[in-house]
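First comes the structure, then the notes that go with it.
In this chain, residues are counted from 1 in sequence order.
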Amino acid sequence: MRRNRHDSPTPSAPDPSARPVRTGRRRGLAVGGVLALTLTGLAAAGTASADDRAQPRTVPLQILSFNDLHGYLDPPTGSDGNVPTAAGAVPAGGMAYLASHLKSLRAGQPHSVTVSAGDLIGASPFTSAAFKDEPTVEALNALKLDVSAVGNHELDEGVAELLRMQYGGCHPVQGCFDPNGYRGARYHYLAANVTYKPGTKADRPARSDDYGAWFGSRTGRTILPPTWVKEVGDVKVGFIGLTLHSADELVAQAGIRDIEFRDEIATANLAAADLGRRGVKAIVLLLHQGGLAPAAATYDFPCNPGGGPATISGDVVDLAKRLDPGIDLIVSGHSHQSYICDIKDPAGNDRYVTSASSYGKLITATQLQLDRRTRDVVRSSVTSANHVVTRDVTPDAAQAARTATWTERAAPIGNRVVGSITADIRARGKIRDVETPLGDLIADAQLEATAAPVDGGSAIALMNPGGVRADLTYAGSTAGEGDGKVTYSEAAAVQPFGNLLVSMDLTGAQLEKVLEQQWTPQSDGTVRFLHLAVSKGLAYAWSAGAPPGDKIDPASIMLNGTAVDPAATYRVTVNSFLADGGDGFLELRNGTNRLGGGVDLDAFTAYLGAHAPVAPPAADRVTRLT
């Protein structure tokens with residue numbers, strides 16, 4: 001574990017084009033153990049020295065935050081590279097532009113901290129993914145990021161790889177990508193609710209002398225520290241990092257078998273109490289869990305002016321209402337949305353919840369005052385505004401050069417043509433609730449790769465929508481391969497996770513249960529719908545008006561024109577993420593006679609080459625009924 005750093009990055013001037021949102025009440029006292037500590041702090045404040053009284057009563061602090069970067073060193077393209085504004089879509093993002101905007105925002109600010117709500121790495125474009133996301137960590141170090149929550153994608157390759165990302169060292173299989181070696185993240189990853197299971201040995205990373213020094217905290221044996229403290233002026237500010245408690249549904253099980261994900265609220269409140277015992281009263285929560293803005297909302301839509309009910313939905317709303325009042329600000333992520341909302345804490349006081357979209361397209365700038373006497377945030381001083389990372393500024397030269405270097409190293413592999421297509425093949429709806437041509441194409445590729453008896457003998461393949469990360473576009477790229485040609489890097493952008501294929505036996509009744517698990521009731525009363533892609537030959541119909549668990553008529557499930565028999569056994573292929581119950585498809589854990597296959601990306605590229613040129617599937621295998 002690194003020691004706390006007390007150096008403040010160079011800070012920032014507010015952007016006049018952004019809309020600030022201002023709270024209207026002072027923060028009340030916290031409850032329970034934190035209340036006693038707050039009262040103690042207030043009593044101690046009355047004995048301040050003459051030197052203390054001569055100083056300004058408050059210390060200004062700027063918190064710059066972003067989330068869900070996903071290794072986007074180059075500017076994101078297509079719809080992923082646009083930010084919705086009142087004047088229309090604005091191209092945004094790219095590490096060199098993000099660095100320039102951060103430098104501008106820091107200018108003139110006496111104290112500034114840069115933070116993230118997680119998913120900085122994982123599901124990354126080829127330039128970063130080809131080198132296990134070391135290029136992104138290197139760029140974030142140069143960006144002067146201070147601290148981040150661990151997101152679910154930080155765990156895509158398991159705990160051991162995340163610890164290597166934090167502490168450094170060359171990859172255990174692929175070795176060193178940089179002749180100078182990999183020194184790890186200089187920013188602090190926090191994982192307050194990701195703990196080792198009882199009885200599990202926590203192996204110390206080779207490059208850390210004091211790994212586990214935080215195990216005595218109330219949050220227990222977490223894989224990385226639960227909190228980080230920075231002194232701002234002479235006031236301590238504490239940061240807590242959490243990921244969503246259902247992250248185990250979103251991560252391949254092989255790398256997380258020895259850990260568990262605990263409840264966000266209980267863990268955050270324990271971590272806040274620990275900070276309070278250390279005399280830290282100004283607390284920021286970095287939460288990898290998010291909300292959903294209204295359809296067609298702009299990046300700066302007024303979530304709840306005047307402190308009325310928040311106009312976002314999703315899990316973060318309920319969490320914000322229940323988290324300890326001692327937490328002063330919630331920086332959220334995961335949902336790739338942009339919002340700034342004032343959601344009252346349990347004591348009825350104003351508290352901001354922010355999110356900055358994804359892929360480095362937005363920065364949230366929060367300004368606040370720290371009271372030197374109470375050692376706490378003056379809640380009435382808090383303002384937040386989202387700033388677009390536009391591309392009309394001079395890109396940071398050092399970041400641009402760094403990205404160019406890694407791109408050059410990746411080019412010999414990434415620019416290799418693996419197949420061709422006749423037109424754009426699109427990936428997914430933003431909320432992943434529609435059948436898509438690209439999803440079905442991937443399912444077809446996985447079926448072909450496992451159809452032979454020696455490879456699995458499968459008759460069906462299913463693909464999760466969250467595993468499809470980009471479109472295949474007909475227009476040629478800057479690599480110069482030409483229109484219609486698909487390069488390895490383009491295919492890798494579609495399927496960046498490197499999952500293995502798994503073939504298994506399912507009965508027809510189990511297959512129906514898997515299909516029913518596409519609909520999952522949520523704590524806020526909504527129903528999450530993750531539309532599985534299906535391979536050619538499989539068809540079924542579902543009813544929009546039916547309740548979850550009864551959406552599909554078993555008689556409608558057909559395989560090559562024949563009704564699926566609930567009692568018969570079928571060979572089904574999925575990726576290893578789904579095979580382990582990912583995305584809540586728990587019935588797949590019960591599949592029997594499993595046989596491992598090759599890597600999903602290899603199956604995809606082989607299919608693109610064998611069937612070139614590939615036309616977009618019609619995406620009409622699943623029928624929606626009223």
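Not one N or O on the side chain of Asp119 forms a donor-acceptor pair closer than 3.5 Å with the backbone of Leu69. Arg351 places no side-chain N or O within 3.5 Å of a backbone atom of Asp328 that could act as its donor or acceptor partner. Counting only distance, with no hydrogens or angles, the side chain of Arg164 and the backbone of Gly169 share a donor-acceptor pair below 3.5 Å. Between the side chain of Glu138 and the backbone N or O of Ala185, no donor-acceptor pair lies under 3.5 Å. No donor-acceptor pair closer than 3.5 Å links the side chain of Gln399 to the backbone N or O of Pro395. Of the possible polar contacts, one joining the Glu154 side chain to the Gly151 backbone as a donor-acceptor pair under 3.5 Å is found.
Taking NE2 of His336 as the reference point, atom CG of Asp80 lies at 9.0 Å (rounded to 0.5 Å). Atom OG1 in Thr127 sits 11.0 Å away from atom OH in Tyr72 (nearest 0.5 Å).
Sorted by first then second residue, the ring pair (Phe, Tyr, Trp, His ring centres under 6.0 Å) pairs that include residues 144-166, not counting sequence neighbours, are His70-His153, His153-Phe497. Within the structure, every pair that satisfies the ring pair (Phe, Tyr, Trp, His ring centres under 6.0 Å) test and touches residues 230-249, not counting sequence neighbours, is listed here: Trp228-Phe239. Contacts classified as disulfide (SG to SG under 2.5 Å) and involving residues 141-189 (residues at least two apart or in different chains) are given here: Cys170-Cys176. Sorted by first then second residue, the disulfide (SG to SG under 2.5 Å) pairs that include residues 230-271, not counting sequence neighbours, number zero.
When the ring pair (Phe, Tyr, Trp, His ring centres under 6.0 Å) test is applied to Tyr182, no partner is found at least two apart in sequence or on another chain. Every residue two or more places apart in sequence or in another chain that forms a side-chain hydrogen bond (donor to acceptor under 3.5 Å, both in side chains) with Thr195 is listed here: Arg262.
A salt bridge is absent between Arg221 and Glu260: the closest approach of a Lys/Arg side-chain nitrogen to an acidic carboxylate oxygen does not fall below 4.0 angstrom. Taking the charged nitrogens against the carboxylate oxygens, Lys132 and Glu161 have no contact shorter than 4.0 Å, which rules out a salt bridge. Between Asp210 and Arg204 there is no salt bridge, since none of the side-chain N atoms of the basic residue sits less than 4.0 Å from a carboxylate O of the acidic one.
If you check the side chains of Thr354 and Ser384, you find no donor sitting under 3.5 Å from an acceptor.
For Glu408, the CD atom sits in a loose shell: 12 or fewer heavy atoms of surrounding residues, nucleotides or ligands are nearer than 6.0 Å. Residue-environment remark: NZ (Lys197) exceeds the threshold of 12 foreign heavy atoms within 6.0 Å.
Aromatic pair Tyr299/Phe301: ring centres not closer than 6.0 Å.
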